[in-house]
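FYI, the numbering just counts along the sequence from 1.
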Amino acid sequence: MSTHSNHPFHLVDYSPWPLTGAIGAMTTVSGLVKWFHQYDISLFSLGMLITSLTMYQWWRDISREGTFQGLHTFQVTIGLRWGMILFIVSEVFFFVSFFWAFFHSSLSPAVELGALWPPMGIIAFNPFQIPLLNTAILLASGVTVTWAHHSLMENNHSQTTQSLFFTILLGFYFSMLQAYEYLEAPFTISDAVYGSTFYMATGFHGLHVLIGTTFLLVCLLRHLNNHFSKTHHFGFEAAAWYWHFVDIVWLFLYVSIYWWGG
């Protein structure tokens with residue numbers, strides 16, 4: 001059978017990874033529910049293992065298709081770009097819901113909250129301590145990921161490696177500081193609507209930082225294996241777009257929730 005194609009589109013082969021990914025996600029969420037009800041984390045660990053193996057093998061297949069099999073033609077890349085743009089738009093509206101809840105509650109605090117914001121009895125974080133440091137870290141990481149992109153466009157392999165490494169390092173540093181902040185927090189997610197909106201917004205942003213850091217780490221590994229060129233590197237571009245989105249969301253979080261809302 002001929003493998004020649006008379007069209008520029010990529011018709012994907014049958015793949016088990018959507019099914020195993022769905023099973024992994026279901027197992028992970030079920031394990032979280034068990035964990036929240038004081039059971040052990042064995043089911044959660046199994047779910048994470050299934051999800052991690054699925055991610056590795058699915059990304060391996062996509063990298064193979066785009067890098068070695070030449071299936072990511074110009075027409076396919078345009079589709080991938082639009083897919084990433086629409087995904088980021090959906091993420092924007094995801095965070096809009098948290099900001100909506102925060103401003104709905106903060107602009108007109110209910111009597112049950114003492115008609116105050118933050119509610120009576122809640123000590124908010126000082127925005128000029130760890131939150132300001134985290135802001136500087138993410139802004140710096142935005143600079144380093146842009147540096148990586150320009151270096152890649154100039155075929156500068158060593159500078160792309162260095163700048164990507166620094167971006168990933170800053171991402172991990174941000175996550176460590178946020179974990180420390182949560183451990184030292186004087187309020188919990190169950191402390192009125194302030195605690196709920198604070199932890200939902202900052203917690204999901206922290207999750208996105210971890211996802212973005214993983215995304216960039218995969219790009220660094222692919223770059224070290226010479227998967228990218230100056231004309232064919234959309235995998236890296238998508239990671240950079242995502243990282244800039246994470247930076248912008250943090251700026252809104254810092255100004256509204258930490259500074260104004262505190």
- Task: Verify the cluster assignment for Phe234 and Trp59: are they in a single hydrophobic cluster under the rule of side-chain heavy atoms below 4.5 Å apart?
- Result: no
Exam field: side chain His37 to backbone Val33, donor-acceptor pair closer than 3.5 Å: yes
_Looking at Thr28 and Gly47, would you say the former's side chain and the latter's main chain have a donor-acceptor pair under 3.5 Å?_
yes
All heavy atoms of Ala25 vs all of Thr51, minimum pair found to be N-OG1, 3.8 Å
Exam field: side chain His223 to backbone His157, donor-acceptor pair closer than 3.5 Å:
yes
Exercise for review: Take Asp247 and Leu139, measure what side-chain contact (heavy atoms from CB on, under 4.5 Å) needs, and give me the verdict at the end.
Suggested key: CA-CA 7 Å; Asp247 287 353; Leu139 288 175; 5.8 Å; no
dist Ile137:CD1 -> Ile130:CD1 (nearest 0.5 Å) comes out at 9.5 Å
Distance-only donor-acceptor pairs under 3.5 Å for side chains of residues 237-244, two or more places apart:
{"residue": "Glu237", "atom": "OE1", "partner": "Arg81", "partner atom": "NH1", "Å": "3.3"}
{"residue": "Glu237", "atom": "OE1", "partner": "Arg81", "partner atom": "NH2", "Å": "2.8"}
{"residue": "Trp243", "atom": "NE1", "partner": "Ser141", "partner atom": "OG", "Å": "2.8"}

message = Around atom OH of Tyr182, are there more than 12 heavy atoms from other residues, nucleotides or ligands closer than 6.0 Å?
response = yes
Legend entry - Aromatic plane relationship, Tyr258 with Phe125 - under 30° parallel, 30 to 60° tilted, over 60° perpendicular: tilted
Heavy-atom nearest pair, Tyr199 first then Ala185, reads OH-CB, 3.0 Å
Answer yes or no: is there a donor N or O on one side and an acceptor on the other, between the side chain of Gln178 and the main chain of Thr202, under 3.5 Å? yes
Test of understanding: clusters of I, L, V, M, F, W, Y form through side-chain heavy atoms closer than 4.5 Å, transitively. Do Ile78 and Ile85 belong to the same one?
yes
message = Using the rule given for side-chain contact (heavy atoms from CB on, under 4.5 Å), can you reason through Leu220 versus Ile168, listing the C-alpha separation, both sets of side-chain angles and the distance that settles it, and then say yes or no?
response = CA-CA 9 Å; Leu220 176 59; Ile168 293 163; 3.8 Å; yes
| request: For Ser15 and Asp13, run side chain to side chain donor-acceptor pair (under 3.5 Å): C-alpha distance rounded to whole Å, both residues' side-chain angles, the deciding distance at 0.1 Å, then the answer. | output: CA-CA 6 Å; Ser15 171; Asp13 298 326; over 6 Å; no
Between Tyr194 and Ala124, the two heavy atoms sitting closest are OH-CB, 3.5 Å
The residue among Thr160, Thr161, Asn156 that forms side-chain hydrogen bond (donor to acceptor under 3.5 Å, both in side chains) with Ser158 is Asn156
Can you say whether the rings of His149 and His233 are parallel (under 30°), tilted (30 to 60°) or perpendicular (over 60°)? perpendicular
Are the aromatic ring centres of Phe87 and Trp82 under 6.0 angstrom apart? no
Is a side-chain N or O of Gln57 found less than 3.5 angstrom from the main chain of Leu53, in a donor-acceptor match? yes
Original post:
Do Phe166 and Met153 share a hydrophobic cluster, counting only Ile, Leu, Val, Met, Phe, Trp and Tyr and linking them when any side-chain heavy atoms are less than 4.5 Å apart?
Top reply: no
Heavy-atom closest pair (Arg222 atom, Gly235 atom, distance to 0.1 Å) is NH1-CA, 4.3 Å
State whether the number of non-hydrogen atoms from other residues, nucleotides or ligands found under 6.0 Å of Met48 atom CE is greater than 12.
no
(request) Answer yes if the ring centres of His208 and Phe215 are under 6.0 angstrom apart, and no otherwise. (result) no
Distance col, row Leu224:CG vs Phe165:CZ, nearest 0.5 angstrom, shows 11.0 Å
Q.
Quick one about Asn134 and Trp250 (side-chain donor to acceptor, distance below 3.5 Å, no hydrogens or angles considered), yes or no?
A. no
* Asked: Can you tell me if Thr67 uses its side chain to pair, donor with acceptor, with the backbone of Arg64 under 3.5 Å?
  -> no
Say whether Trp259 and Ile122 are linked into one hydrophobic cluster, either directly or through other cluster members, by side-chain heavy-atom distances under 4.5 angstrom.
yes
query: So with a 6.0 Å cut-off around CZ of Phe245, is the heavy-atom count from everything else above 12?
result: yes
All heavy atoms of Leu251 vs all of Thr135, minimum pair found to be CD2-CG2, 3.9 Å
The ring-ring contact (aromatic ring centres under 6.0 Å, His included) partner of His205 among Tyr254, Phe174, Phe198, Phe252 is Phe174
Verify the neighbour count for atom CH2 of Trp35: are there more than 12 heavy atoms of other residues, nucleotides or ligands below 6.0 Å? no
**Asked** Short question: side chain of Ser175, backbone of Gly171 - any donor-acceptor pair under 3.5 Å?
**Response** yes
Check your understanding: With a cut-off of 6.0 Å (strictly less than), are more than 12 heavy atoms of other residues, nucleotides or ligands near CH2 of Trp100?
Key -> no
Q.
Do Phe228 and Cys219 have side chains that approach each other closer than 4.5 Å (heavy atoms only, starting at C-beta)?
A. yes
Path from Phe94 to Phe103 over hydrophobic side-chain contacts below 4.5 Å = yes
query: Are more than 12 heavy atoms from other residues, nucleotides or ligands located less than 6.0 Å from atom CD1 of Ile123?
result: no
Okay, side chain of Asp191, backbone of Thr188: is any donor-acceptor separation there less than 3.5 Å? yes
For the residue pair Phe98 and Phe204, does the interplanar ring angle fall in the parallel (under 30°), tilted (30 to 60°) or perpendicular (over 60°) class?
parallel
So OG of Ser196 and CZ of Phe187: to nearest 0.5 Å the spacing works out to 10.5 Å
For this session: For the residue pair Phe93 and Ser97, establish whether any side-chain heavy-atom pair is separated by less than 4.5 Å.
Result: no
Discussion item. Angle between ring planes, His227 versus Phe68, binned at 30° and 60°: parallel, tilted or perpendicular?
Written reply: perpendicular
Between Phe236 and Ala148 the two heavy atoms that sit nearest each other are CZ-CB, 3.8 Å
When rounded to the nearest 0.5 Å, the distance separating OH of Tyr39 from CD1 of Ile41 is 16.0 Å
- Minimum side-chain heavy-atom gap Ser30-Leu43 below 4.5 Å: yes
TODO: Under the side-chain contact (heavy atoms from CB on, under 4.5 Å) rule, what do Leu133 and Gln129 come out as? Steps first, then yes or no, please.
DONE: CA-CA 6 Å; Leu133 176 57; Gln129 293 179 346; over 6 Å; no
Could you check if a side-chain atom of Ile23 sits within less than 4.5 angstrom of a side-chain atom of Thr27, using non-hydrogen atoms only? yes
Rounded to the nearest 0.5 angstrom, the OG1-NE2 distance for Thr73 and His232 is 9.0 Å
Quiz prompt | Criterion side-chain contact (heavy atoms from CB on, under 4.5 Å) on Trp117 and Val193, from CA distance to verdict | solution = CA-CA 10 Å; Trp117 193 265; Val193 70; 3.6 Å; yes
- prompt: Do Tyr173 and Leu177 come close enough that some side-chain heavy atom pair is under 4.5 Å?
  reply: yes
Is the backbone N or O of Val145 less than 3.5 Å from a side-chain atom of Ser163, with the two atoms forming a donor-acceptor pair by type? no
